[in-house]
Amino acid sequence: MTEAILLVGGKGTRLRPLTVHTPKPMIPAAGVPFLTHLLARARAAGVEHIVLATSYLAEVFEPHFGDGSELGLHLEYVTEDEPLGTGGAIRNVASRLRSGPDEPVLIFNGDILTGLDIEALVSTHGSSGADVSLHLTRVEDPRAFGLVPTDSTGRVTAFLEKPQTPEEIVTDQINAGAYVFRRSVIDTIPAGRPVSVERETFPGLLASGAHLQGMVDSTYWLDLGTPQAFVRGSADLVLGRAPSPAVPGRCGDRLVLPTASVASDAKLTGGTVVGDGAVVGEGARIDGSAVLAGAVIGAGAVISDSLIGAGARIGDRTVLSGAVVGDGATVGADNELQDGVRVWCGASIPDAAIRFSSDR
Ligand code: GTP
């Protein structure tokens, strides 16, 4: 039985203010903490023992997931004294692993939403005899990513930094954030200091002649590291485009949790989720957005591609597009907030304070 390590200790700086009080894997996507989807997908692939490598806001994970038995899992938690980076975090949990030296251990970044065939990654690892196997995905524009070219057998030939010129774009394959390590390889990562698995461990293994195998799986893949990506991922879970056994309801245009209250003439579309205890007023229109628990949306508000934090309040007729409103913030009536705006947790915007000119 394969076991897994989940890396969930990052600070999630790109997702602020959502990550000010909540670590990235605990932000709700499609009505449940994002991590629930990852755990459920791992369980569905036959994983039973998972070690969570925690650091930033480490204390919130165990009270929520406990020993994991509700999900049919056995969960353990290991917290770093100081953040150890991705490789250091993997090494730091080694003592909790039960696998023998040659057995495979799965490792997942805690912020990737993907339809990856986890069992296929493990079996590719076994049949290729690799030391480490990596899920690779293809992207249209590889400029923002480190590249991972492979030979005709799928063996990794290099780890390249973000390409600066067109000539440096030698492949469209990138590291997708899921790996299988031979257990004994984990023990070779230096202990007690920060290590980046992407920048140090993988290039070092390659240079020492280790066998790193890439498996290109081009199913759904999204890095939820930014607010726009997080909102997109939540909507795709609701729509059923991104597969997860943990969506709390039937997939479709909208997901309204049982204790939410939505006015009968409000329109929810594009994978919008309305969380527990949230209220949506008359005539509001919400598209492709996530309204977290206890948030209140005023009458006639028009919201698209936005994330409304827990307990936040959006005034009547306010228009939000591509915006993030932090937990407990208030946006008064008749405002208009556009692409990329982030309202900090607990902040308060008065009525009719922010508008874009009507001749745009
Ligand atoms: P940004 O600050 O927005 O870049 O996000 P991040 O801190 O999550 O970093 P990144 O997206 O590069 O992290 C990839 C994965 O590794 C995520 O699942 C993080 O939770 C995890 N991670 C990053 N650094 C650490 C660390 O020091 N310790 C642990 N345990 N996990 C980490």
Side-chain angles (χ1 to χ4, degrees), residues 4-29 33-39 41-42 50-62 64-65 75-97 105-114 116 118 132 134-137 139 144-148 159 161-162 174-179 181 186 189-203 221-233 307 324 326 340 342:
I5 300 170
L6 258 59
L7 300 174
V8 294
K11 287 203 175 77
T13 49
R14 289 168 296 158
L15 263 177
R16 285 181 191 156
L18 300 173
T19 46
V20 173
H21 306 296
T22 310
K24 181 163 48 174
M26 294 302 286
I27 302 171
F34 173 68
L35 185 54
T36 320
H37 300 292
L38 253 181
L39 293 171
R41 282 185 44 77
I50 296 183
V51 186
L52 297 182
T54 65
S55 171
Y56 179 66
L57 300 177
E59 63 282 3
V60 304
F61 291 94
E62 193 164 0
H64 187 89
F65 291 107
L75 294 182
E76 290 190 68
Y77 306 82
V78 178
T79 301
E80 293 142 44
D81 297 330
E82 297 289 330
L84 290 173
T86 45
I90 295 168
R91 177 68 179 86
N92 192 50
V93 308
S95 64
R96 303 296 182 95
L97 299 173
V105 176
L106 276 158
I107 298 172
F108 297 104
N109 277 1
D111 55 356
I112 302 291
L113 177 58
T114 177
L116 166 71
I118 297 169
V132 176
L134 298 88
H135 171 208
L136 305 179
T137 189
V139 289
F145 302 93
L147 307 182
V148 187
F159 288 92
E161 293 292 325
K162 287 177 192 165
I174 65 160
N175 174 356
Y179 322 113
F181 273 61
I186 292 175
I189 299 172
R193 70 162 170 90
V195 178
S196 160
V197 78
E198 301 88 348
R199 286 191 295 278
E200 185 176 338
T201 309
F202 291 151
W221 183 87
L222 191 63
D223 174 350
L224 302 187
T226 64
Q228 289 333 310
F230 199 94
V231 171
R232 180 75 259 147
L307 199 149
V324 174
R342 302 182 190 205

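Residues take their numbers from the sequence shown, with the count starting at 1. Every number for a ligand or one of its atoms is a count from 1 in the order of the listing. Keep in mind that this is a model prediction, so the values were computed, not measured.
In plain terms, the two heavy atoms of I186 and A94 that are nearest each other are CG2-CB, 4.0 Å. For A42 against F108, the heavy-atom pair with the smallest separation is CB-CE1, 4.5 Å.
Proximity to K24 (heavy-atom distance under 4.0 Å) selects the following atoms of ligand 1: 5 (O), 6 (P), 8 (O), 11 (O). Here is the list of ligand 1 atoms found below 4.0 Å of a heavy atom in T86: 16 (O). Less than 4.0 angstrom separates some heavy atom of L84 from each of these atoms of ligand 1: 27 (O). Distances below 4.0 Å separate heavy atoms of D111 from the following atoms of ligand 1: 11 (O), 17 (C), 18 (O).
Within a 4.0 Å radius of atom 12 (O) of ligand 1, the protein contributes no non-hydrogen atoms.
When the heavy-atom distances from atom 30 (N) of ligand 1 to E80, K11, R16 are ranked, the shortest goes to E80. Of the listed options R14, E198, E82, R14 places a heavy atom closest to atom 4 (O) of ligand 1.
Heavy-atom contacts from other residues, nucleotides or ligands closer than 6.0 Å to CD of E59 number more than 12.
Side-chain atoms of D223 come within 3.5 Å of backbone N or O of G225 as a donor-acceptor pair.
With a 4.0 Å cut-off on non-hydrogen atoms, A89 touches ligand 1 through its side chain and not its backbone.
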